[in-house]
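Shown next, in structure tokens, is the structure this report addresses.
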Amino acid sequence: MSYRVMFVCEDHTLDQYILRPVLKSLLNYLGKPKADVRAVTDPKLSGIGDLRRDMCSIVTRYTVVSDLLIIAVDGDCVEDRQSSFEEALAQCPGHEKALVVVARQELEVWAIWGSKDELGDGWSTITQECHPKETYFEGLAKPGDARRPDRGRTRLTSLSLGRGWRSLAQGCPELGELEARVRPRLST
């Protein structure tokens, strides 16, 4: 039987093209290469406010049909975002099967890792920028990316993952922390 992971993000429209391959790579690294990884698309969320409002209903609904639910949000230079989401999650039925990961500062940073040498700024500058999508990610887009539904996220995430899971997890420590939190759940 396959290990089933569902994930929810502020807006799956674009974020899923980063999060799905990152989670597939994590699970492959942890010995679950056949894990089924799917985005939560119902309800359609369009921002952090929608996610906060609907989080408990999503957790209650999707932890019943999955082995693990990952809630991924952008950090957006908000210092207490991880703790505030974890506190809210703890109030939800089914929270035992869910984890929160907060990207520094946006999920697009995970896609940038593989192309960081092209950006001219140091990695700490990039990850401290509150708007790395506009400041860095969009500059890495190729003309054809605008015509793709993922707007270049699949291509850039592939470059990041091409360096290997350990490399990405070292460059983006929140992913290393997620790995440490997922690992014990796979042995049960």
Side-chain angles (χ1 to χ4, degrees), residues 4-28 35-59 61-63 66 68-78 81-82 84-86 88-89 98-116 126-127 129-142 144-162 165 168-169 171-179 181-182:
R4 186 162 193 195
V5 176
M6 302 290 292
F7 64 87
V8 62
C9 31
E10 297 171 42
D11 183 349
H12 78 279
T13 308
L14 295 174
D15 289 346
Q16 69 175 320
Y17 295 106
I18 298 169
L19 196 51
R20 178 179 289 121
V22 165
L23 292 176
K24 291 280 293 175
S25 181
L26 165 61
L27 292 161
N28 185 55
D36 182 20
V37 179
R38 297 184 188 189
V40 169
T41 59
D42 181 21
K44 288 204 179 301
L45 304 175
S46 59
I48 194 98
D50 287 356
L51 178 55
R52 280 191 188 278
R53 182 193 66 227
D54 295 340
M55 188 166 69
C56 279
S57 64
I58 292 168
V59 169
R61 179 178 176 186
Y62 288 98
T63 54
S66 64
L68 180 62
L69 176 69
I70 303 288
I71 301 164
V73 295
D74 293 338
D76 294 330
C77 287
V78 177
R81 186 147 288 169
Q82 180 83 31
S84 70
F85 266 87
E86 286 180 356
L89 175 61
L99 294 172
V100 174
V101 60
V102 177
R104 295 183 188 119
Q105 296 301 332
E106 297 174 312
L107 269 64
E108 281 78 8
V109 168
W110 303 343
I112 290 170
W113 173 252
S115 305
K116 66 181 173 33
I126 293 167
T127 59
E129 166 60 45
C130 291
H131 305 287
K133 180 172 30 182
E134 293 80 8
T135 306
Y136 297 106
F137 178 86
E138 290 176 359
L140 293 169
K142 303 237 184 248
D145 290 341
R147 294 187 300 274
R148 298 179 47 85
D150 66 354
R151 306 289 191 259
R153 282 158 179 81
T154 300
R155 179 180 59 78
L156 291 169
T157 301
S158 178
L159 292 172
S160 291
L161 293 170
W165 171 257
L168 180 59
C172 302
E174 66 272 24
L175 292 175
E177 293 166 12
L178 179 63
E179 174 191 332
R181 294 168 59 210
V182 169

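Here the structure is a predicted model, which means the values were calculated and not measured. Side chains are part of it too, since the values below use all heavy atoms of this structure and drop only hydrogens, waters and symmetry mates.
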Mind checking the [atom1]-[atom2] spacing from [X] to [Y]? Nearest 0.5 Å is all I need.
| X | Y | atom1 | atom2 | value |
| --- | --- | --- | --- | --- |
| Tyr62 | Ile70 | OH | CD1 | 15.5 Å |
| Leu14 | Asp150 | CG | CG | 8.0 Å |
| Ile58 | Thr63 | CD1 | OG1 | 11.5 Å |
| Ile126 | Lys116 | CD1 | NZ | 8.5 Å |
| Asp74 | Gln105 | CG | CD | 9.0 Å |
| Arg153 | Leu140 | CZ | CG | 11.5 Å |

**Report entry** Residues forming a ring-ring contact (aromatic ring centres under 6.0 Å, His included) with Trp110, sequence neighbours excluded
**Finding:**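 In terms of ring-ring contact (aromatic ring centres under 6.0 Å, His included), with neighbours along the sequence ignored, Trp110 is linked to no residue.
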Closest non-hydrogen atom pair, [X] against [Y]:
| X | Y | answer |
| --- | --- | --- |
| Ile71 | Met55 | CD1-SD, 3.8 Å |
| Arg155 | Ala141 | NH2-CA, 3.9 Å |
| Ser160 | Gly114 | OG-N, 2.7 Å |
| Ser66 | Met6 | CB-CG, 3.4 Å |
| Gln16 | Thr13 | NE2-O, 3.9 Å |
| Val59 | Ala98 | CG1-CB, 4.5 Å |

Less than 3.5 Å apart, which donor and acceptor atoms pair up between the side chains of residues 20-27 and the rest of the protein, not counting sequence neighbours?
| unit_1 | atom_1 | unit_2 | atom_2 | d |
| --- | --- | --- | --- | --- |
| Arg20 | NE | Val37 | O | 3.3 |
| Lys24 | NZ | Ala35 | O | 2.8 |

Flag the pair [X] / [Y] as yes when at least one side-chain heavy-atom distance between them is below 4.5 Å, and no otherwise.
| X | Y | answer |
| --- | --- | --- |
| Glu108 | Asp15 | yes |
| Glu138 | Arg151 | no |
| Glu179 | Trp165 | yes |
| Val109 | Arg104 | no |
| Tyr136 | Ser115 | no |

Requested in this report: Using the side chain to side chain contact (heavy atoms under 4.5 Å, CB included) rule, take Glu174 and Val102 through it: C-alpha gap first, then chi angles, then the decisive distance, then the call.
Outcome: CA-CA 7 Å; Glu174 66 272 24; Val102 177; over 6 Å; no
Query raised in the report: Would you find a donor on one side and an acceptor on the other, under 3.5 Å apart, between the side chain of Arg181 and the backbone of Val100?
Result: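 Answer holds: yes.
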Pair up each side-chain donor or acceptor in residues 39-53 with any protein partner under 3.5 Å, not counting sequence neighbours, and list the distances.
| unit_1 | atom_1 | unit_2 | atom_2 | d |
| --- | --- | --- | --- | --- |
| Asp42 | OD2 | Arg61 | NH1 | 3.3 |
| Asp42 | OD2 | Arg61 | NH2 | 3.0 |
| Ser46 | OG | Asp50 | OD2 | 2.9 |
| Asp50 | OD1 | Arg53 | NH1 | 3.2 |
| Asp50 | OD2 | Ser46 | N | 2.9 |
| Arg52 | NH2 | Ser84 | OG | 3.3 |

Query - Option from Cys77, Pro132, Cys130 for which side-chain contact (heavy atoms from CB on, under 4.5 Å) with Glu106 holds - result: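 It is Pro132, the one option of Cys77, Pro132, Cys130 that forms the side-chain contact (heavy atoms from CB on, under 4.5 Å) with Glu106.
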